[in-house]
Amino acid sequence: MRLAIRIMGFVTATVVSGIALLPIAPSQAASGEEVIKARIDFMNDEIQGHWKPLAAFVRKGAGSLADVEKNATALAKLAEKIPPHFPKDTGRGKYPDKLTRALPAIWEDWAGFEKSARMLAEESEKLARLAKEGNKDAVVDLIGPSGSYAKTKIGCADCHNDFRGAAAKK
Ligand code: HEC
């Protein structure tokens with residue numbers, strides 16, 4: 001019985017690592033497209049979902065510092081989930097520009113990409129801390145007074161500038 005479990009475990013590990021090493025073949029294109037769709041949903045619904053209250057706080061004075069703290073804490077956790085949404089070669093060059101804005105630079109400089117995700121985690125943690133301390137001026141400065149994620153100092157813009165291409169022309 002125990003031997004059977006060990007054999008099963010070995011077989012499973014072998015199969016799983018075997019799949020991880022396979023290059024993406026054309027027959028697997030559909031699953032690459034699913035990965036891309038799922039990560040854009042993740043960016044729109046989860047990352048952007050927690051960014052919006054931060055933007056509204058600086059733009060319209062909506063919500064409280066407690067709300068900023070809550071959303072910044074959520075963003076710090078979500079930042080760690082960004083890199084796993086980018087399996088190798090699921091970006092432009094392999095897939096059409098209108099499907100994805102992920103640049104090949106992500107996989108050419110994977111350490112830099114992970115560093116960008118860590119920056120979002122660290123700056124979001126800092127933001128949560130500042131909000132908890134009631135330091136409104138520093139909170140507004142870190143989010144960015146314009147409330148635009150293209151200008152914020154918490155890390156969205158830094159990663160997008162290096163690793164996200166321009167939107168495809170319709
Ligand atoms: C570590 C890198 C990284 C960080 C940090 C990051 N993003 Fe992104 N984001 C990307 C990439 C790459 C794409 C393109 C994904 C694709 O098209 O396949 C993307 C896509 C998006 C999208 C989908 C729509 C579009 O225009 O591409 C939104 C919305 C978005 N990001 C918002 C944010 C916000 C808001 C933050 C900060 C709170 C953030 N992102 C932080 C890398 C990042």
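Please read these numbers as outputs of a predicted model, since none were measured by experiment. Numbering of ligands and ligand atoms starts at 1, following listing order. Numbering of residues begins at 1 and proceeds along the displayed sequence. All values below come from the heavy atoms of this structure, side chains included, with hydrogens, waters and symmetry mates left out.
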For Ala157, is there any backbone N or O sitting under 3.5 Å from a side-chain donor or acceptor partner on Asn161?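 Between the backbone of Ala157 and the side chain of Asn161 there is a qualifying donor-acceptor contact (under 3.5 Å).
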According to salt bridge (charged side-chain N to carboxylate O under 4.0 Å, His left out), who are the partners of Lys151, at least two apart in sequence or on a separate chain?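 Expected list: none.
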What residues, two or more places apart in sequence or in another chain, satisfy salt bridge (charged side-chain N to carboxylate O under 4.0 Å, His left out) together with Glu123?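 Glu123: salt bridge (charged side-chain N to carboxylate O under 4.0 Å, His left out) contacts with Lys126.
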Do the non-hydrogen side-chain atoms of Tyr95 and Ile36 ever get within less than 4.5 Å of each other?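 A side-chain contact exists here, since the closest heavy-atom pair is under 4.5 Å.
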Enumerate the pairs of nitrogen or oxygen atoms, one from ligand 1 and one from the protein, separated by less than 3.5 angstrom; state names and distance to 0.1 Å.
from: ligand 1; atom 1: 7 (N); to: His160; atom 2: NE2; distance (Å): 2.9
from: ligand 1; atom 1: 9 (N); to: His160; atom 2: NE2; distance (Å): 3.0
from: ligand 1; atom 1: 17 (O); to: Thr100; atom 2: OG1; distance (Å): 3.4
from: ligand 1; atom 1: 17 (O); to: Arg101; atom 2: N; distance (Å): 2.7
from: ligand 1; atom 1: 18 (O); to: Arg39; atom 2: NE; distance (Å): 2.8
from: ligand 1; atom 1: 18 (O); to: Arg39; atom 2: NH2; distance (Å): 3.1
from: ligand 1; atom 1: 18 (O); to: Thr100; atom 2: OG1; distance (Å): 2.6
from: ligand 1; atom 1: 26 (O); to: Arg101; atom 2: NH1; distance (Å): 2.7
from: ligand 1; atom 1: 26 (O); to: Arg164; atom 2: NH1; distance (Å): 2.9
from: ligand 1; atom 1: 27 (O); to: Arg164; atom 2: NH1; distance (Å): 3.1
from: ligand 1; atom 1: 31 (N); to: His160; atom 2: NE2; distance (Å): 3.1
from: ligand 1; atom 1: 40 (N); to: His160; atom 2: NE2; distance (Å): 2.9

All pairs passing salt bridge (charged side-chain N to carboxylate O under 4.0 Å, His left out) where residues 98-110 contributes a residue, at least two apart: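 Salt bridge (charged side-chain N to carboxylate O under 4.0 Å, His left out) check on residues 98-110 returns no pairs.
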Intermediate values then yes/no, side chain to side chain contact (heavy atoms under 4.5 Å, CB included), Trp110 and Lys88: CA-CA 9 Å; Trp110 183 251; Lys88 196 162 166 42; over 6 Å; no
